[in-house]
Amino acid sequence: MVQTFRKLVCAALVMTFALFSIGTMSADETAQPQYPIEINHAFGTTLIESKPERVVTIAFGNQDVALALGVVPVGFSAANYGVQDESGLLPWTAEKLKELGCETPNVFQDTDGLDYEAIADSDPDVILAVYSGITEEEYKLLSEIAPVVAYPQTAWTVSWRDWIRYSALGMGIADEGERLIADIESSLSEKLAQYPEIKGKSFVWVTFRENNLSNLHAYAPIDPRCAFLIEDLGLAYPQQVNALIEEGKYSLSLSAENAELLYDADFLTGYSSESAYAAAKADAVLGNIPALKSGAVVSIESGTPLSAALTPTPLSILYSIDEYLAKIAEAIAQGNE
């Protein structure tokens, strides 16, 4: 399908804009890349011959990184989680597009698989898939279209800092990437200072399903959702749960029979509904978990914008942090009663 002229112009108009007001750093912290550059990742090495002018992103959230750096992709994947309308855009993405003057973004409806034709029609100079689960076969097919910047090591596990660094390097704006990181870190420090009671508390990200309380799904510390809580909010993850997670895996299935592994958590968080928490609390086994007994839970309804924001992108972090910190503080207070 040939993309409309209006969409391509929309992207081109903002491709050259960089955010110069997103922080400060010394000149020796990083340097703009000298072309050609090599980017090492899980599938090998990508060679980028010159600074890309046309950027395409695929999979969840990669467009947010480009947008936060002032670059509107000439095409990107529709958000497949947390969207409340037919736009394929989460609210922080839509907000940033509007700020950058793009009213008609070229959004790929590829939730059932990559749309190689649409990607090729966008005529990209680089494809960003730093946070994704693409396979080696998909990587090779995409590489026939343009150089691909894939995830550093394992699927769906890149930290938000490395997400920015890899993407910025792939777009030839490494300095801007470091400035963006510094700006987000500064904002987080200011926000976190308002909640000193959070630091050092322990949590498990576990989801209870009302129709299947015998099987629990937990995210590992390596998962970006948990890594953000640990690395940026100063929270801890119980070692007895972490010990069960296979190296490189971002999640774990727990049997309800192992409920005692959750006893040391000061609070629980996850994509559980209020009714699921109520059912778990009434369960003869799960109901003995101290955090459930006290109501020390951060309830995040699945499929909402907030639930999507908890996979931290440069845009979603600051969009949701006030609400998120307030919920965590409230859960901790419940556990202390």
The criterion is ring-ring contact (aromatic ring centres under 6.0 Å, His included); which residues satisfy it with Phe208, sequence neighbours excluded? Tyr277
Does any non-hydrogen side-chain atom of Val72 lie less than 4.5 Å from one of Leu97? yes
With a 3.5 Å cut-off and sequence neighbours excluded, list the donor-acceptor pairs that the side chains of residues 235-254 form with protein atoms.
{"unit_1": "Tyr237", "atom_1": "OH", "unit_2": "Tyr219", "atom_2": "O", "d": "2.8"}
{"unit_1": "Gln240", "atom_1": "NE2", "unit_2": "Leu261", "atom_2": "O", "d": "3.4"}
{"unit_1": "Gln240", "atom_1": "NE2", "unit_2": "Asp264", "atom_2": "OD2", "d": "2.8"}

Closest approach of Ala227 to Ile222 (non-hydrogen atoms, all atoms of both residues): CB-O, 4.5 Å
About how many Å separate CD of Glu257 and CG of Asn215, when rounded to the nearest 0.5 Å? 11.0 Å
Full working for side-chain hydrogen bond (donor to acceptor under 3.5 Å, both in side chains) between Thr45 and Glu38: CA-CA 6 Å; Thr45 302; Glu38 294 182 348; 5.3 Å; no
Return the set of residues passing side chain to side chain donor-acceptor pair (under 3.5 Å) with Ser132 (not counting sequence neighbours), or none when no residue passes. none
Strictly by salt bridge (charged side-chain N to carboxylate O under 4.0 Å, His left out), give each pair with a member in residues 308-322 just once, sequence neighbours left out. Lys191-Asp322
Under the side chain to side chain donor-acceptor pair (under 3.5 Å) rule, collect the residues that match up with Ser214, sequence neighbours excluded. Asn212
To the closest 0.5 Å, what do you measure between CH2 (Trp160) and CG (Asp232)? 5.5 Å
Specify the closest pair of heavy atoms between Ser272 and Ser299, including all atoms of both residues, with the distance to one decimal. O-OG, 3.2 Å
pair Lys327-Leu306: side-chain heavy atoms closer than 4.5 Å: yes
Under 3.5 Å, which donor-acceptor pairs link side chains of residues 140-153 to any protein atom two or more places apart or in another chain?
{"unit_1": "Ser143", "atom_1": "OG", "unit_2": "Tyr139", "atom_2": "O", "d": "2.8"}
{"unit_1": "Tyr151", "atom_1": "OH", "unit_2": "Ile134", "atom_2": "O", "d": "2.7"}

For the side-chain contact (heavy atoms from CB on, under 4.5 Å) test, which of Asp223, Thr269, Leu268 pairs with Trp205? Thr269
Which residue in the set Asp123, Val71, Val126 passes side-chain contact (heavy atoms from CB on, under 4.5 Å) when paired with Arg54? Asp123
Let me check something: any side-chain donor-acceptor pairs from residues 57-64 under 3.5 Å, sequence neighbours excluded? List them with distances.
{"unit_1": "Thr57", "atom_1": "OG1", "unit_2": "Gln63", "atom_2": "N", "d": "3.3"}
{"unit_1": "Asn62", "atom_1": "OD1", "unit_2": "Val130", "atom_2": "N", "d": "3.3"}
{"unit_1": "Asn62", "atom_1": "OD1", "unit_2": "Tyr131", "atom_2": "N", "d": "3.2"}
{"unit_1": "Asn62", "atom_1": "OD1", "unit_2": "Trp163", "atom_2": "NE1", "d": "2.8"}
{"unit_1": "Asn62", "atom_1": "ND2", "unit_2": "Ile58", "atom_2": "O", "d": "2.6"}
{"unit_1": "Asn62", "atom_1": "ND2", "unit_2": "Tyr131", "atom_2": "O", "d": "2.8"}
{"unit_1": "Asp64", "atom_1": "OD1", "unit_2": "Thr93", "atom_2": "OG1", "d": "2.6"}
{"unit_1": "Asp64", "atom_1": "OD2", "unit_2": "Trp92", "atom_2": "NE1", "d": "2.9"}
{"unit_1": "Asp64", "atom_1": "OD2", "unit_2": "Thr313", "atom_2": "OG1", "d": "2.9"}

Test of understanding: with salt bridge (charged side-chain N to carboxylate O under 4.0 Å, His left out), list the residues that count as partners of Asp162, not counting sequence neighbours. Arg165
Quick check for you: to the nearest 0.5 Å, what is the distance between Glu138 atom CD and Tyr116 atom OH? 4.5 Å
Can you sort out the partners of Glu185 under salt bridge (charged side-chain N to carboxylate O under 4.0 Å, His left out), two or more places apart, ordered by chain and number? Arg161
Hydrophobic cluster membership, Leu192 vs Ile321, 4.5 Å side-chain cutoff: yes
side-chain hydrogen bond (donor to acceptor under 3.5 Å, both in side chains) evaluation trace for Tyr271 with Arg225: CA-CA 11 Å; Tyr271 300 133; Arg225 281 159 281 220; 3.3 Å; yes
Look at atom CD of Glu330 and say whether more than 12 heavy atoms of other residues, nucleotides or ligands are closer to it than 6.0 Å. no
For Ser186, the side chain to side chain donor-acceptor pair (under 3.5 Å) test, sequence neighbours excluded, returns none
Could you verify whether a donor N or O on one side chain and an acceptor N or O on the other, from Ser294 and Gln334, lie under 3.5 Å apart? no
Could you pull out the closest heavy-atom pair between Gln109 and Ala78, with the gap in Å? OE1-CB, 3.8 Å
Return the CG to CG distance between Leu233 and Leu325, rounded to the nearest 0.5 Å. 5.5 Å
Residues pairing under salt bridge (charged side-chain N to carboxylate O under 4.0 Å, His left out) where one sits in residues 274-298, two or more places apart or in two chains, turn out to be none
Measure the shortest side-chain to side-chain distance between Leu286 and Leu213 over non-hydrogen atoms and say whether it is less than 4.5 angstrom. yes
So, taking the atom named CG in Asp115 and the one named CG in Asp112, what distance separates them when rounded to the nearest 0.5 Å? 10.5 Å
With hydrophobic residues grouped by side-chain heavy-atom distances under 4.5 Å, do Tyr324 and Tyr81 end up in a single group? yes
Smallest heavy-atom separation, Ser316 atom then Ala309 atom, equals OG-O, 3.3 Å
Validation row: Thr157, Thr154 side chains within 4.5 angstrom (heavy atoms): yes
Does some side-chain heavy atom of Asp266 sit less than 4.5 Å from a side-chain heavy atom of Pro290? no
Phe228 side chain reached by Leu188 side chain, heavy atoms, under 4.5 Å: yes
Suppose we screen for salt bridge (charged side-chain N to carboxylate O under 4.0 Å, His left out). Which residues come up paired with Asp125, at least two apart in sequence or across chains? none
Phe267 vs Val204 side-chain heavy atoms within contact, under 4.5 Å: no
Establish whether Leu315 and Leu318 are linked, either directly or via other cluster members, by ILVMFWY side-chain heavy-atom contacts under 4.5 Å. yes
Check whether any side-chain heavy atom of Val56 sits under 4.5 Å from a side-chain heavy atom of Leu128, and report yes or no. no
